[in-house]
Amino acid sequence: MLRFQSGDVTAYETLVTRHLEFVHRHARRYVGDFSEAEDVAQDVFLRLYRSAARFQEPVHFRGWLATMTTRIALNSLRTRKRKRWRHAPEDRASTTEWKPGAGPQPSDSPITGDEAALASERAALLHAAIARLPERQRTAIWLQRFESWSLEDIGAALDLGIPAVKSLLHRARAALAGFLEPYFETDGRVASTAVSPHSTPPEEGTPRP
Amino acid sequence: MNDRDPRLDPWLDEAARLEREQPSPDPVEFLARLRREVHESAPPSAPPRPSFATALAASVLLLVTIGFAIAWSRTGSTEPPFAAAPPPEIPDDLDPEEVSLLADLDAWVRLAEAGGVPPEDATALEVCDDLEVLQSTDFDAFLASLMEENG
């Protein structure tokens, strides 16, 4: 990062290569689509290129990347939603079936077989439940459980202290456990009486089901 | 609601593993695309490059300014080259109060001119140069009478 700040273009490209996978993965959690996530990643790295000199504390670089990816991905989602409402009203119904941010669809998984299909279904249910969380809880759980970030790094990304991050993760886990309770009983198999994790998201601060 | 529900962790681990198996963009292709974008878009913080004509005009202005400064320093004068009017000469042997009064001399002259007294009028100049008159309490009445005389 310091080399890049001093004008070393090779260092910039090294940074891009090193963090591309994370940025793309994180963007895809929001936008769902592979190439749209690529566009988001490109926008993130272009902004990095233009604002290199503003980094006072390169130690928080990963946090900046996560925050910028989230913002750009959410903007991309908003733009897409506006376009859909303007040009294709018939698409609205399909958006209720699988939403960007609900993670990969079960059919996206390259794994085959019954157990693989069930694992994929569980993952889809979990991502759908994560998508119902408030934004900060969602980001915290993704960074901790999917990216293995430390509490300190998550705090840097969310501009929070470690106790606040712990509290955020506590609430996120409690909410996820509540959402997925009906599915734990059936090990991910969708029961006819189960409450769908796609149902209306609760507001921040309201009691979880 | 239990945030330590042991059933949640296997689901999280499994979902994370599956996510990592998803394809990622090719870094080489991505960098090539990024390089094109970087070259096409100039950094927003960079100031616009001046045109040749602007640069030439700025250089000429700088040279003229330097020329004036050199000419001024060679004359040994304390008078700035662009001054509109010379400041009043202040004798060395004046006390601070007198200096203060002389500083207002130019203002008094302008006042007299505004009242119709021509600058070349000897009477007005004598009044303004005469410290005793300036210090006297009758000065305002004297100036008013001058204005009256000159219409």
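Everything quoted here is computed from the prediction, not taken from an experiment. Each chain gets a letter, A, B and so on, in the order its sequence line appears, and its residues count up from 1.
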- Backbone N or O of F146(A) within a donor-acceptor pair of the R20(B) side chain at under 3.5 Å?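 A pair under 3.5 Å: yes.
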
Heavy atoms from other residues, nucleotides or ligands near [atom1] of [X] exceed 12 (cutoff 6.0 Å):
X       : atom1 : value
D159(A) : CG    : no
E21(A)  : CD    : no
R71(A)  : CZ    : no

- Task: Take R122(A) and E14(B) through the side chain to side chain contact (heavy atoms under 4.5 Å, CB included) test and state the conclusion after the steps.
- Result: CA-CA 8 Å; R122(A) 279 193 296 264; E14(B) 187 176 58; 2.8 Å; yes

- Message: Please evaluate residues D26(B) and E38(A) with respect to the criterion side chain to side chain contact (heavy atoms under 4.5 Å, CB included), reporting the C-alpha separation (whole Å), side-chain torsions for both, the decisive distance (0.1 Å), and the verdict.
- Response: CA-CA 10 Å; D26(B) 177 23; E38(A) 239 182 348; over 6 Å; no

What is the distance from atom [atom1] of [X] to atom [atom2] of [Y], rounded to the nearest 0.5 Å?
X       : Y       : atom1 : atom2 : result
L8(B)   : I141(A) : CG    : CD1   : 7.0 Å
F34(A)  : Q22(B)  : CZ    : CD    : 9.5 Å
R145(A) : E19(B)  : CZ    : CD    : 13.0 Å

- Query: With a 4.5 Å limit on heavy-atom distance, are the side chains of S24(B) and L20(A) in contact?
  - Reply: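 In short, these two side chains do not touch, never coming nearer than 4.5 Å.
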
- Query: Are F184(A) and W11(B) close enough that their ring centres sit under 6.0 Å apart?
  - Reply: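 Distance test on ring centres: under 6.0 Å, yes.
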
- Task: Looking only at non-hydrogen atoms, find the nearest pair between L126(A) and A15(B) and report the distance.
- Result: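 Minimum heavy-atom separation between L126(A) and A15(B): CD2-CB, 3.4 Å.
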
- Considering non-hydrogen atoms only, spot the tightest contact between A119(A) and L18(B) and give its length.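 Taking every non-hydrogen atom into account, O-CD1, 3.6 Å.
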
- Residue L31(B) versus chain A: region with a heavy atom under 4.5 Å: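 The side chain, not the backbone.
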
- Give, as side chain, backbone, both or neither, the part of P10(B) having an atom under 4.5 angstrom from any heavy atom of chain A.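 Neither part.
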
- Message: At a 4.5 Å cut-off on heavy atoms, which part of A37(A) comes close to chain B: side chain, backbone, both, or neither?
- Response: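 No part of A37(A) comes within 4.5 Å of chain B.
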
- Message: Let's go through D39(A) and R33(B) carefully: what are the C-alpha distance in whole Å and the side-chain angles of both, what is the deciding distance for side chain to side chain contact (heavy atoms under 4.5 Å, CB included) to 0.1 Å, and is it a yes or a no?
- Response: CA-CA 10 Å; D39(A) 291 342; R33(B) 183 177 150 183; 2.4 Å; yes

